[in-house]
Amino acid sequence: MERDQEAGPVASSTHDDLFGQVHVSLDIREGVVTVAGEGIPSVVIRRADGTAADEHVPVGTRDGSLLSLEIDGCATPIRPAKGRLTRNSFRVDVDWADATYRLVPDSIPGSRLLRDDQHIGDLSSDGDGVVLAQWCEGARTRPVEAAVGYALAVAFGTGAQPMWMLALDAVGDLIPG
């Protein structure tokens, strides 16, 4: 999805069944995503100042060296994959405390959030700052996990086409006419 790089911040609020009101802000031009709420810690993902934005990524880049992530003011690494042919290539990893969190597409519109390979939730965002989240029953999703999930879904969008669809598109592009 191409985005208007000149657009100002977009803010949205949603009621999460487990964590109450969640407030999300996406500033495409500045490359900043913020997530906050009464029941979750704040999360900020920021693109480095002065870097060119990729219009296909809401936060503006999939280059982890150009991104910073803070959870409640504490910096932590963020590792987005390159985003090429397979759904797994669109994954984003975050290490926090004693766990690794991964947001990875599992359908055309949605992605799943994993805690150390355990499926804890399903998220959907078109890259417009609005996120729909559904937490897995029995997963004991923690507030920080929800905050990270919302932030990653907003910053990178969710979902991806399966490889076979991308291959068909590529073949179709080669056929003249």
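Here the structure is a predicted model, which means the values were calculated and not measured.
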Exam field: side chain [X] to backbone [Y], donor-acceptor pair closer than 3.5 Å:
X	Y	result
S25	A11	no
H15	D17	no
T100	D95	no

[X] [atom1] to [Y] [atom2] distance, which is reported to the nearest 0.5 Å:
X	Y	atom1	atom2	result
R29	R47	CZ	CZ	10.5 Å
W96	L69	CH2	CG	8.5 Å
I120	L113	CD1	CG	4.0 Å
L103	R91	CG	CZ	12.0 Å
R62	I78	CZ	CD1	9.5 Å
S68	R46	OG	CZ	6.0 Å

Would you say [X] has more than 12 foreign heavy atoms packed within less than 6.0 Å of its [atom1]?
X	atom1	result
Q21	CD	yes
R115	CZ	yes
D49	CG	no

Find out whether [X] and [Y] are in side-chain contact, i.e. whether some heavy atom of one side chain is under 4.5 Å from a heavy atom of the other.
X	Y	value
P143	P41	yes
V104	R112	yes
V94	L152	yes

Distance-minimising heavy-atom pair for [X] and [Y]:
X	Y	result
A155	I45	CB-CD1, 3.8 Å
P9	D27	CG-OD2, 3.4 Å
V130	D128	N-OD1, 3.1 Å
P105	S111	CA-OG, 3.3 Å
S124	P109	OG-O, 3.4 Å

Legend entry - side chain to side chain contact (heavy atoms under 4.5 Å, CB included) between V43 and T34, worked out: CA-CA 6 Å; V43 174; T34 58; over 6 Å; no
So, [X] versus [Y]: side-chain donor-acceptor pair below 3.5 Å or not?
X	Y	answer
Y150	D16	yes
S65	D63	yes
T61	D54	no

Inset, instruction - Starting from the C-alpha separation in whole Å, work towards a yes-or-no answer on side chain to side chain contact (heavy atoms under 4.5 Å, CB included) for V57 and F156. - result: CA-CA 6 Å; V57 182; F156 299 99; 3.9 Å; yes
Legend entry - salt bridge (charged side-chain N to carboxylate O under 4.0 Å, His left out) partners for R102, two or more places apart: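 R102 satisfies salt bridge (charged side-chain N to carboxylate O under 4.0 Å, His left out) with D93 once adjacent residues are dropped.
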Inset, instruction - Quick one: do L26 and I28 satisfy side chain to side chain contact (heavy atoms under 4.5 Å, CB included)? Show the steps, please. - result: CA-CA 6 Å; L26 168 62; I28 294 170; 4.0 Å; yes
Group every Ile, Leu, Val, Met, Phe, Trp and Tyr by side-chain heavy-atom contacts under 4.5 Å, then state whether [X] and [Y] land in the same group.
X	Y	answer
V131	Y101	yes
L123	V33	yes
V92	I71	yes

Inset, instruction - Under the side chain to side chain contact (heavy atoms under 4.5 Å, CB included) rule, what do V144 and I40 come out as? Steps first, then yes or no, please. - result: CA-CA 6 Å; V144 70; I40 61 171; over 6 Å; no
